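Here's the structure, in structure tokens; my notes come after.
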Amino acid sequence: MIGGPQGSGLNVSAEILAKALSRSGYYVFGQIEYHSNIKGKHSAYKLRISGEHVSSHLDAVHLLSSLDEETLIGDLYHEFPAHRGHVHEIAAGGALLYDVEQKKFIELIDRKDIFLWEMPYAELLDRALTEAGKPGQARAYRIMTNTLALGASVGALGFDFEPVALAIRDSFGAKAGKVADLNVNAARYAYDYAKERFAGQLKFGLPAAPPKREQILVKGSQAVGMAKIKAGCGLQTYYPISPATDESVYLEGYQSDHNLVVLQTEDEVSAIDAAVMGAHGGVRASTSTSGPGFALMPEGLGFAAITEAPGPVLVLYQRGGPSTGLPTRQEQGDLLFALNAGQGDIPRIVMASGDIEECFYDTFDAFNYADRYQVPVILLVDKHMASCYQTLPPFKTSHLKIDRGLVKPANTNGDYQRYAFSKEGVSPRSVPGQAGGIFWSTSDEHDPRGHITEGIGNRLAMMEKRMGKVALAAREIPDGKKYIYLGPAAPQKIPVLAICWGSTKGAVHDALHHADPHHAKYAMLHIRLMSPFPAEAVKNILSRAERVVCFDGNYSGQLARLIRTETGVSVHHSVVKYDGRPFSEDEIMVALGAAKAGAPERLAISEGRVIEPGHGNVEFDKMLELRETNPKMLAPMVPLPPGYNR
Amino acid sequence: MIGGPQGSGLNVSAEILAKALSRSGYYVFGQIEYHSNIKGKHSAYKLRISGEHVSSHLDAVHLLSSLDEETLIGDLYHEFPAHRGHVHEIAAGGALLYDVEQKKFIELIDRKDIFLWEMPYAELLDRALTEAGKPGQARAYRIMTNTLALGASVGALGFDFEPVALAIRDSFGAKAGKVADLNVNAARYAYDYAKERFAGQLKFGLPAAPPKREQILVKGSQAVGMAKIKAGCGLQTYYPISPATDESVYLEGYQSDHNLVVLQTEDEVSAIDAAVMGAHGGVRASTSTSGPGFALMPEGLGFAAITEAPGPVLVLYQRGGPSTGLPTRQEQGDLLFALNAGQGDIPRIVMASGDIEECFYDTFDAFNYADRYQVPVILLVDKHMASCYQTLPPFKTSHLKIDRGLVKPANTNGDYQRYAFSKEGVSPRSVPGQAGGIFWSTSDEHDPRGHITEGIGNRLAMMEKRMGKVALAAREIPDGKKYIYLGPAAPQKIPVLAICWGSTKGAVHDALHHADPHHAKYAMLHIRLMSPFPAEAVKNILSRAERVVCFDGNYSGQLARLIRTETGVSVHHSVVKYDGRPFSEDEIMVALGAAKAGAPERLAISEGRVIEPGHGNVEFDKMLELRETNPKMLAPMVPLPPGYNR
Amino acid sequence: MSTVPTDVKTVQPADFKSDVHNDWCPGCGDFGVISAVQMALAKLQVPPHRVAVISGIGCAGKSAHYMNAYSFHTLHGRVMPSVTAMKLANHDLTVIGVGGDGDAYGIGGGHFVAGGRRNLNITYVVMNNDVYALTKGQASPTIAKGQKTKSMSEASIMDAINPILLALACGYTFVARGYALDTKYLSEIIAQAIEHRGSALVDVLQTCPTYNDLHTKGFYAGQIEGQPRLYRLDQTGYDPIVHNPDDPVEIAQKKAQALLKSQEPGGRIPLGVYYKLDVPTYEDHLKAKIPGLQEKPLAELDLYHRDITPNLQELM
Amino acid sequence: MSTVPTDVKTVQPADFKSDVHNDWCPGCGDFGVISAVQMALAKLQVPPHRVAVISGIGCAGKSAHYMNAYSFHTLHGRVMPSVTAMKLANHDLTVIGVGGDGDAYGIGGGHFVAGGRRNLNITYVVMNNDVYALTKGQASPTIAKGQKTKSMSEASIMDAINPILLALACGYTFVARGYALDTKYLSEIIAQAIEHRGSALVDVLQTCPTYNDLHTKGFYAGQIEGQPRLYRLDQTGYDPIVHNPDDPVEIAQKKAQALLKSQEPGGRIPLGVYYKLDVPTYEDHLKAKIPGLQEKPLAELDLYHRDITPNLQELM
Ligand SMILES: Cc1ncc(C[n+]2csc(CCOP(=O)(O)OP(=O)(O)O)c2C)c(N)n1
Ligand SMILES: Cc1ncc(C[n+]2csc(CCOP(=O)(O)OP(=O)(O)O)c2C)c(N)n1
Ligand code: SF4
Ligand code: SF4
Ligand SMILES: [Mg+2]
Ligand SMILES: [Mg+2]
């Protein structure tokens with residue numbers, strides 16, 4: 001883990017390290033926590049390095065690299081401090097790498113069970129600068145400390161420097177050259193210094209590197225973006241918002257390569273409407289947003305549904321709510337909103353990806369569903385999945401097939417009806433511009449031709465037609481795309497069934513894989529399709545389970561509620577986490593353990609523990625105490641990079 | 001029932017008749033069906049007149065007064081006609097009053113079992129005009145036909161003319177005089193003509209008039225408006241939308257009388273935000289809208305919730321969805337949307353009024369809840385309730401108490417924290433402008449002072465604080481305001497339990513009252529509070545019921561779903577109606593009968609019958625056939641009133 | 001331009017009439033506006049299937065149903081986002097937005113602002129009757145302070161939006177005003193707006209005999225100090241055109257000139273084109289950036305055989 | 001005005017500073033803007049508890065936290081609706097809206113239009129940095145066509161909004177421009193805006209050293225043909241005031257004059273007041289209609305003992 005102020009480049013360093021490791025064959029999982037702030041507030045990046053595939057992070061830290069005091073003792077410069085640093089997260093036998101300048105805070109640390117490794121970053125930096133002909137400018141180049149810390153971590157871990165040097169150079173892209181050299185050099189000084197003194201001491205060393213393979217290191221937002229390209233998306237609309245923006249920015253970079261139009265709109269109302277009309281206009285269209293943006297989209301969703309537009313695909317990056325909430329933190333709080341947004345009964349497909357690989361394939365499928373059923377398709381992802389960074393085999397694309405659904409046959413004898421009642425349940429669509437395909441379309445209830453009518457027979461038939469498409473999708477979509485079940489086959493009993501959705505899948509999957517790889521005790525049920533919900537299948541599995549534990553990254557246990565709505569079955573334990581952070585692998589086992597030990601029906605988890613009501617207040621008060629008992633500290637200031645423009 | 005083109009004044013006539021009857025002691029229930037159109041399209045007004053209290057309409061019509069051909073044979077001038085008139089709705093032994101000019105369509109009517117009463121309206125009108133010194137102008141004054149039809153109906157029913165004359169005069173308000181005289185005269189000609197020829201023939205005559213009492217004749221929108229005034233609402237914001245606008249227009253009329261500010265905003269996003277900020281600003285604030293407007297409000301709802309504003313009260317007038325849908329028709333399709341609107345877990349109170357009386361008292365309570373729990377309060381009403389017109393005893397107000405909740409004590413020693421954690425679970429609020437009460441407020445997660453923080457302990461505590469207020473409300477709100485149960489007392493079994501919500505209460509109540517006044521066979525459970533949901537109580541009642549039938553004015557059976565979510569219990573029959581029309585008393589019994597006879601779990605109702613899937617298409621096709629087999633007809637043109645400005 | 005008809009038969013205004021029953025009130029000014037749109041399209045000989053008409057919600061919003069063209073009766077206030085996307089999907093179509101004044105300048109205000117900035121080659125015809133007609137005549141953003149129609153419960157206490165000035169401020173490159181009951185001239189203005197390469201606003205003074213008893217046929221036919229209230233700018237020597245689009249000074253001056261015309265003293269109302277600037281459109285810029293668009297509209301490109309190998313390689 | 005402090009101690013700018021940690025980037029222009037607001041309020045001797053500050057979401061939006069006043073950090077783009085309601089709830093408060101350019105002219109565009117029409121006595125200070133800073137520097141509505149900051153992935157292909165002209169079009173009765181790093185003069189402008197009875201817009205050129213490398217301190221300090229880029233209108237004899245508010249001709253001319261100044265050739269940028277019109281405010285109109293408001297602000301009236309008997313009688 002590396003901790004420091006935002007804007008100091010620590011995420012770049014962490015990702016350089018991840019890349020170097022990935023290229024060397026390691027499996028890597030990176031998770032970032034950061035504030036809704038541009039510069040100065042605290043950020044922490046966790047890298048999990050493994051010899052086998054991993055999809056989650058752990059609570060315990062083995063090597064903590066600290067870029068500032070806040071990483072050590074927290075943000076005690078606030079009236080109400082938010083955290084107490086990360087030292088307590090270091091596992092016994094782990095190590096803390098810190099800058100000699102932080103020394104006075106180190107004295108406050110009462111951990112005899114960890115290594116305290118001091119680094120003279122300024123001095124090392126000065127050496128590198130001197131070599132580059134810039135002696136005595138260490139203060140001005142303080143921003144480079146993160147590169148040195150990177151070097152130090154690699155050295156302390158005893159990993160090779162060359163892959164790291166290469167990754168540093170790559171990170172400067174085309175404009176490499178002197179700056180890159182300087183950075184590589186600085187890192188090397190720190191590397192050498194740390195390697196010499198610290199390497200080999202950690203009992204959790206690096207695992208043996210697995211054989212090298214082709215693998216990508218990818219974030220959820222990139223996977224979604226790539227899938228949109230592959231699916232033939234023609235129009236992406238968006239309004240900037242964390243954590244959804246990354247995907248649109250990714251796509252912006254490929255407009256000319258792939259003939260793709262990315263439209264930055266004036267707000268999210270416009271973003272969805274434009275996407276709906278793009279779909280009507282004949283292109284595959286999509287938009288991406290997060291909660292606050294989606295809160296402005298129910299109108300457009302209903303519009304898409306009643307006009308039976310072939311889309312859009314709406315990717316909803318969940319983040320901490322309610323309202324602006326915790327813009328850069330994790331939550332899975334929008335499930336029920338996504339399912340129920342919009343007045344009246346609205347046909348919709350709601351998918352939820354469980355990991356980065358699912359992000360890719362789900363996004364691709366989403367466009368097919370949109371065209372085939374002429375409904376809006378919402379794909380739920382979350383901040384954790386969007387921004388975590390994972391090694392994966394490159395996505396396979398050869399088997400992917402595009403299905404644009406029913407289109408108007410060329411010859412319709414001049415009597416084409418866009419909303420014709422049909423045996424298939426879906427009316428063939430026409431694309432504006434074609435001769436003979438003129439149609440009308442309205443957000444009001446309408447007749448087969450698309451004109452307004454308020455007649456009862458037509459109303460009944462149109463409602464059934466629209467809602468019937470969701471039932472059709474339920475019949476056509478294969479089970480494997482609805483849910484993933486890992487556990488004893490029917491009719492065997494399931495001792496404990498862990499249900500999950502969204503990015504929690506990674507943690508549940510890893511936890512069960514490590515605790516019970518053959519699923520003798522624990523089975524996993526991961527739900528991928530929320531609407532239409534695979535009610536029968538879930539009910540069947542639930543009926544075999546002796547204890548059902550449902551994981552929800554929100555306060556109210558939304559999936560547990562949905563399961564009860566759809567199946568009438570109450571899970572035995574609804575495990576909830578609403579502290580703005582994703583479930584770790586450890587937390588899954590903690591919760592499963594507590595459930596087996598007879599915990600109550602509702603079970604809240606935070607920071608690796610089961611928490612009682614009122615726990616938050618206790619922690620809150622503890623923090624105040626900490627502030628009182630600790631020396632006054634200053635708020636971190638981000639060193640300005642050289643050439644910083646003011 | 002009176003049927004004719006919109007803009008022809010038929011609703012005015014119907015309401016004049018209702019007023020005359022009400023003042024004479026009758027109980028009246030009026031229901032209107034109209035198009036989203038200004039002039040010309042078809043409208044029908046049903047008046048139910050009774051010797052005892054009634055809260056619903058019947059399917060069967062006893063006297064149909066027709067103002068145009070469309071009332072007789074439907075709108076066959078459309079490519080896809082919407083209806084086939086109302087003649088088939090007349091009960092055997094009933095009567096049709098029609099204008100001699102419609103004669104050629106009368107020939108098409110194959111009803112030997114009803115009276116066909118012809119009226120020479122033009123001739124009678126001419127007489128009245130001649131008397132007023134305007135001979136030969138009957139065509140120009142055709143708009144007055146509705147007044148004549150009113151007179152004719154009254155005459156045919158054998159009711160007195162004087163109360164009607166008075167009500168006509170009243171309807172012209174201060175500007176009575178010559179025009180009023182002319183109208184009264186014209187009505188009297190028709191009255192005399194009809195009384196002489198038709199009175200006494202109907203087997204369903206008027207019941208004996210109950211003793212005269214003070215009663216009001218009131219619409220739901222007026223009841224809500226009055227309650228807002230009584231509750232001390234200071235700021236009402238709105239953006240025009242059917243059927244919500246009526247309430248705001250009502251309030252606009254009282255701005256100077258009651259020191260009330262009504263703000264017409266630029267859209268609904270602004271309407272809710274302004275209401276939230278009005279509440280923060282120290283006034284009781286509210287907004288009213290319907291589905292399409294509410295679709296723009298999830299953002300503001302979350303904002304209200306996270307800033308713990310004391311409100312607003314949001315009255316949601318449900319109408320036919322999805323999207324623009326059926327703007328002037330009935331639906332109860334927004335229940336799940338109201339409960340789940342907004343990203344993240346949002347504390348909210350959601351009430352649903354069952355009749356006009358509940359509208360009044362619920363609205364009043366809503367403001368108390370908003371202040372007491374500092375949460376947004378949504379009151380669900382629906383188009384039927386908003387626009388139906390009912391006799392009621394005047395609302396009692398002496399027992400109503402205003403509770404503005406916890407406010408900052410005068411002396412807080414300069415260390416006031418707006419979001420302080422407190423034993424009560426609610427933080428005392430301050431009102432801008434006071435010395436010593438300064439606070440901060442943000443849509444981001446925040447500390448007790450209202451400043452942004454992303455700390456875990458604080459996050460947990462704040463989530464619990466906010467959501468805890470809903471739990472507090474659940475404990476404090478009395479049962480009678482949560483649900484109304486009429487049936488055998490515990491532990492007795494309930495043979496059939498009819499569950500309803502919203503305006504369906506009227507129909508269920510009347511149906512059971514007439515079929516089984518002592519609830520030996522049928523019990524009623526009407527749900528008034530949707531969030532916090534009275535889960536335990538409902539579960540208990542359900543556990544005693546042998547057959548549970550849940551009525552929902554929507555496609556997906558939203559209340560049935562909610563009950564399953566909250567209690568895990570599946571109702572035996574989910575009765576749904578999604579044809580854009582409210583449940584009638586008759587339909588309740590039809591559904592209950594079908595349920596007892598072993599109907600499937602999902603039971604759709606329309607036009608007084610249980611319908612099969614595909615029924616809509618059958619009706620749709622029938623209408624096409626009708627168009628083919630009938631003579632071409634012209635679209636109705638609304639006669640322009642004299643002085644009509646072009 | 002692909003808007004030239006491909007068959008011999010010339011396009012008539014009637015070709016743009018749909019069969020559906022029109023339920024506007026008798027005498028509504030909207031009839032004139034929709035006729036004018038039909039006449040303009042016929043004048044330009046655009047075949048109906050090459051036209052997309054996108055309307056909002058309101059009486060004006062019903063227009064889409066009365067046109068024989070690809071027609072979308074969308075949402076209240078959302079004409080602009082819809083128009084934008086339709087044009088992006090197929091830049092060869094003639095895309096026309098139609099809606100009420102509440103729709104355009106009220107709830108749609110934010111989109112109206114953004115629409116001007118984009119300068120897509122589209123035409124927006126606003127039926128301006130000073131009221132929210134379909135919801136029964138409440139004040140719309142164009143009703144002036146102190147005015148009260150018979151449908152309003154009280155006089156407005158807000159300033160009116162000046163659509164001409166607002167459009168200039170937002171960057172529309174063609175800004176004009178027409179009158180619903182002078183259908184012929186209106187059709188000429190609309191034809192010019194369609195021909196203009198860029199975002200064109202045509203604000204149309206529309207009578208609503210049912211709710212607006214202030215701005216009636218009689219009012220517009222009235223005189224001010226012996227001069228007709230309505231007159232044509234093109235009959236006064238007024239020059240709306242920016243002749244050197246690269247000259248910011250001329251642009252500013254032509255805008256100032258239009259501003260002054262749009263608030264003419266005494267209450268006379270000029271009809272016609274207030275402002276016209278020819279600069280590259282949004283599509284032009286997109287084409288420069290996205291090679292495929294130089295050949296075909298987006299909806300006609302084959303986007304379904306893309307190779308993402310380079311994207312994957314970047315991540316290795 | 002009830003904004004005069006009741007105690008002897010005079011109000012200092014520091015009285016408006018809150019204790020909370022400020023997390024803007026070092027060197028951010030927002031520091032200057034918020035200081036200017038504090039100085040202006042001190043200058044006018046408004047006590048902090050009589051001030052409500054309402055901000056949107058974005059870097060600029062965080063301002064509310066840094067003020068010692070009743071402070072609301074609301075939603076992205078919703079400053080205007082919030083400001084409106086706060087003023088209606090208590091018309092005796094000094095109500096100040098603060099937000100970014102994306103907030104005000106982008107997502108808040110529709111509210112911005114409506115806010116101008118209302119002419120409530122409020123002040124809206126917009127921190128205009130040409131980017132959506134808090135979401136990492138995407139183009140905001142004020143970035144000009146063809147411009148690309150280092151944070152943008154490509155140059156803008158849309159026209160910039162001209163906030164001055166937009167405000168004039170929407171009906172703001174006080175329209176001014178300031179510069180974040182000339183805090184003193186900015187504070188004078190803001191003080192005038194607060195003193196102005198009516199809706200006042202102060203668009204502030206704000207440097208964002210993190211994302212906007214085009215409009216930097218250096219850029220604004222630059223010269224154009226030997227003249228400083230920024231200059232003060234009040235030092236040029238420019239008269240922004242409409243002297244006869246009843247004269248539509250003067251109003252139009254003053255608007256046209258401001259328009260020309262806001263698009264000055266050569267790229268020089270005038271600071272100061274562009275336009276000022278004194279007409280009755282929305283509150284004035286409300287007071288005329290609602291008797292209670294003549295005595296007290298809405299929030300202070302006793303609305304809890306109303307008698308609805310007349311309302312009931314009407315229905316009998
Ligand atoms: C989001 C939303 N809010 C409100 C409405 C209700 N509504 C329907 S039409 C209309 C006003 C239309 O006025 P305008 O745009 O001027 O058109 P006009 O009817 O005058 O032609 C309104 C407010 C709606 N359909 N959607
Ligand atoms: C509805 C909604 N959409 C998007 C966002 C994300 N968002 C937060 S700040 C911001 C941009 C702020 O830009 P600006 O208003 O110019 O302020 P600045 O940060 O530049 O000061 C955006 C888009 C949001 N919070 N809410
Ligand atoms: S209400 Fe007015 S705008 Fe609407 S159709 Fe009638 S006349 Fe036209
Ligand atoms: S990103 Fe720009 S606007 Fe935001 S705080 Fe930093 S310098 Fe200021
Ligand atoms: Mg209008
Ligand atoms: Mg900005």
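Naming convention: chains lettered A, B, ... in sequence-line order (proteins, then strands); numbering from 1 in each chain. None of these values were measured; they are calculated from a predicted model.
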- Flag for Asp273(B)-His111(D): side-chain donor and acceptor within less than 3.5 Å: no
- Query: Can you say whether Ser22(B) sits under 4.5 Å from chain D via the side chain, the backbone, both, or neither, judging by heavy atoms?
  - Reply: neither
- Approximate separation, where rounding is to 0.5 Å, of Asn259(B) CG and Leu286(D) CG: 11.0 Å
- Query: Where on Ala271(B) is there a heavy atom nearer than 4.5 Å to chain D: the side chain, the backbone, both, or neither?
  - Reply: neither
- Query: Is Glu266(B) salt-bridged to Arg118(D), going by a charged N under 4.0 Å from an acidic O?
  - Reply: yes
- Item | Check: Met226(B) and Leu315(D) side chains under 4.5 Å, non-hydrogen atoms | yes
- Item | Proximity breakdown for Ile229(B) and chain D, heavy-atom pairs closer than 4.5 Å | both
- Query: Does CG in Asp302(D) sit with more than 12 non-hydrogen atoms of other residues, nucleotides or ligands closer than 6.0 Å?
  - Reply: yes
- Query: Relative to chain D, which segment of Arg284(B) carries a heavy atom at a distance below 4.5 Å: side chain, backbone, both, or neither?
  - Reply: both
- Note on the structure: Of Val113(D), Ile57(D), Val53(D), Leu75(D), the largest count of non-hydrogen pairs under 4.5 angstrom with chain B goes to Leu75(D)
- Residues Ala274(B) and Ala85(D): closest non-hydrogen pair is O-CB, 2.9 Å
- Note on the structure: So, the part of Glu314(D) with a heavy atom under 4.5 Å from chain B: the answer is both
- Message: At a 4.5 Å cut-off on heavy atoms, which part of Leu400(B) comes close to chain D: side chain, backbone, both, or neither?
- Response: neither
- Return yes if some donor-acceptor pair links the side-chain N/O of Arg78(D) with the main-chain N/O of Val269(B) below 3.5 Å, else return no. no
- Query: Any side-chain heavy-atom pair from Leu93(D) and Pro432(B) closer than 4.5 angstrom?
  - Reply: yes
- Item | Portion of Met67(D) that has a non-hydrogen atom of chain B nearer than 4.5 angstrom | backbone
- For the pair Trp440(B) (side chain) and His73(D) (backbone), establish whether a donor and an acceptor sit closer than 3.5 Å, ignoring hydrogens and angles. no
- Quick one: of Ile308(D), Leu312(D), Asn311(D), who has the most non-hydrogen atom pairs under 4.5 Å with chain B? Asn311(D)
- Heavy atoms only, distances under 4.5 angstrom: which of Met80(D), Lys62(D), Lys289(D), His305(D) has the most pairs with chain B? Name it, please. Lys289(D)
- Message: Could you report the tightest heavy-atom contact between Gly281(B) and Ala299(D), atom names first, then the distance?
- Response: O-CB, 3.5 Å
- Cut-off 4.5 Å, heavy atoms of chain D, and the answer for Glu299(B) is both
- Query: Among Thr74(D), Thr84(D), Asn90(D), which has the most heavy-atom pairs under 4.5 Å with chain B?
  - Reply: Thr74(D)
- Item | Flag side-chain contact, heavy atom, 4.5 Å: His280(B) against Ser82(D) | no
- Query: What part of Ile452(B) is in contact with chain D, defined as an atom under 4.5 angstrom from a non-hydrogen atom: side chain, backbone, both or neither?
  - Reply: both
- Do Val276(B) and Phe72(D) pass the side chain to side chain contact (heavy atoms under 4.5 Å, CB included) test, and can you show the C-alpha distance, the side-chain angles, and the key distance before you say yes or no? CA-CA 11 Å; Val276(B) 174; Phe72(D) 299 86; over 6 Å; no
- Parallel, tilted or perpendicular, as decided by the 30° and 60° cut-offs, for the rings of Tyr70(D) and Phe439(B): perpendicular
- Query: With a 4.5 angstrom heavy-atom cut-off, which part of Asp267(B) approaches chain D: side chain, backbone, both or neither?
  - Reply: side chain
- Task: Please round to the nearest 0.5 Å and tell me the distance separating atom OG of Ser71(D) and atom NE2 of His451(B).
- Result: 8.0 Å
- Query: Are the side chain of Lys230(B) and the backbone of Arg306(D) linked by a donor-acceptor contact shorter than 3.5 Å?
  - Reply: yes
- Item | Engaged part of Phe367(B) at the chain D interface, taking heavy atoms whose separation is under 4.5 Å | neither
